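To keep things clear, I will list the structure first and then write my remarks on it.
Quick note: numbers below take in every heavy atom, side chains included, and nothing from hydrogens, waters or symmetry partners. What you are looking at is a predicted structure, and each value in this text was computed from that prediction instead of being measured.
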Amino acid sequence: WPSAFGSPANANFIDDPSVKPPFRLRWATKCGGLFKQAVCATEEDVVYVTLGGLVVCREQMTGRIRWRRHLPGQAWCRSALMAAAGRIFVPRMFSQRYPKSLGASSVFYCLSAETGAVEWQAPIGIGDRLRASPVYSDGVVAFGSLYAEGRPPTFFGKDEAVGQAIDAWDAATGKKLWQVRLTSSGTILNGPAGCAGDGLMFFTGGGEGPRGRGETIAVEPKTGRVVWHADSFGSQTGTPSFKDSRVYLPG
């Protein structure tokens, strides 16, 4: 499952002419249960999470493990990690389709990039096929998930079953800042996928089956105010990218 992850813009591009073949293998290691969640990199480290919830931080230069943190539950989650502002943000989402996840709560974790300690955590919705990472901008971290009706603790009551929604928190404290709902349709949905650029967050989402409904929005990070809305939307397994004041939506 190729992705464009690597920065809040999801652009995964460095304009550095010195990065060119031939490349040399520096080190190799077994990761022990990596699923379909993309590996995340900072300037010094490589961070990943296994199917069983083990978050591992390795030094880029040596491959040496700097820290490990085990998060509870087995989550068949494809959503990628995000490294920003000295923190690692890890979504762990319940899946409707995998029996081993039944009864598990979906949780959004914030870990210290230095030690791996859990600084805060917050509940999120469900979803398993979304490849998007959290989105960070201006001290705010946001993530899209699905709030579907069903029995607790893995589904939500009628008042909370709002469909596709974006939740945002203060990245340092975990204080909930806002929630924005998107149009959704279909039966097996993921949350909206996002990216950031020019001081805004951009999220796109649509339904499965009948694809007549969906949307892309631009949101102010601090307030949750929707700046603009478009009827075009990306596919449920793709993530939008930002480059040169344009948002690119994968079909």
Side-chain angles (χ1 to χ4, degrees), residues 53 71-79 89-110 120-135 140-170 174-194 201-240:
L71 303 178
Q74 176 174 304
W76 294 81
C77 175
R78 277 89 159 166
S79 297
F89 301 100
V90 188
R92 299 286 287 164
M93 302 170 72
F94 165 78
S95 164
Q96 301 179 64
R97 301 187 296 155
Y98 296 103
K100 287 186 178 181
S101 296
L102 293 177
S105 297
S106 297
V107 182
F108 188 88
Y109 293 93
C110 171
W120 56 266
Q121 62 187 70
I124 51 177
I126 64 175
D128 67 78
R129 282 181 288 173
L130 181 68
R131 267 92 184 165
S133 66
V135 178
V140 176
V141 61
F143 186 70
S145 55
L146 171 67
Y147 288 83
E149 186 176 347
R151 293 177 296 175
T154 53
F155 290 86
F156 301 87
K158 290 183 178 180
D159 294 340
E160 298 175 289
V162 296
Q164 290 182 318
I166 307 154
D167 296 298
W169 305 268
D170 182 289
K175 177 184 177 182
K176 184 68 173 289
L177 298 179
W178 46 265
Q179 183 183 80
V180 172
R181 304 174 186 181
L182 271 75
T183 300
S184 61
S185 62
T187 55
I188 303 177
L189 290 171
N190 291 294
M201 292 179 172
F202 306 94
F203 284 88
T204 185
E208 289 187 341
R211 294 181 178 270
R213 289 196 296 157
E215 60 187 312
T216 299
I217 60 173
V219 185
E220 286 184 344
K222 291 290 189 182
T223 65
R225 183 178 72 90
V226 176
V227 177
W228 55 255
H229 165 281
D231 292 332
S232 300
F233 59 96
S235 71
Q236 288 216 344
T237 54
T239 57

Would you confirm whether T204, through its side chain, and G234, through its main-chain N or O, come within 3.5 Å as a donor-acceptor pair?
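Side chain of T204 to backbone of G234: a pair is present.
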Which atoms form the tightest heavy-atom contact between [X] and [Y], and what is the distance?
X    : Y    : value
I166 : A142 : CG2-CB, 4.0 Å
S232 : T216 : O-OG1, 2.7 Å
M93  : I126 : CE-O, 3.3 Å
D159 : V162 : O-CG1, 4.1 Å
A165 : P192 : O-CD, 3.8 Å

Taking the inter-plane angle between the rings of W228 and F202 on a 0 to 90° scale, is it parallel (under 30°), tilted (30 to 60°) or perpendicular (over 60°)?
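Tilted, since the angle between the ring planes falls between 30° and 60°.
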With under 30° as parallel and over 60° as perpendicular, where do the rings of F108 and W169 fit, or are they tilted in between?
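Rings of F108 and W169: parallel, under 30°.
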Gap separating the [atom1] atom of [X] from the [atom2] atom of [Y], nearest 0.5 angstrom:
X    : Y    : atom1 : atom2 : answer
H229 : L182 : NE2   : CG    : 7.5 Å
Y147 : S106 : OH    : OG    : 9.0 Å
F143 : F203 : CZ    : CZ    : 9.0 Å

With sequence neighbours excluded, tell me which residues meet salt bridge (charged side-chain N to carboxylate O under 4.0 Å, His left out) with R181.
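R181 satisfies salt bridge (charged side-chain N to carboxylate O under 4.0 Å, His left out) with no other residue.
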Test of understanding: with salt bridge (charged side-chain N to carboxylate O under 4.0 Å, His left out), list the residues that count as partners of K176, not counting sequence neighbours.
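Listed in chain order: D167.
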Do [X] and [Y] come within less than 4.5 Å of each other through their side chains, counting heavy atoms only?
X    : Y    : answer
L177 : K222 : no
V140 : M201 : yes
P91  : P134 : yes
L71  : Q121 : no

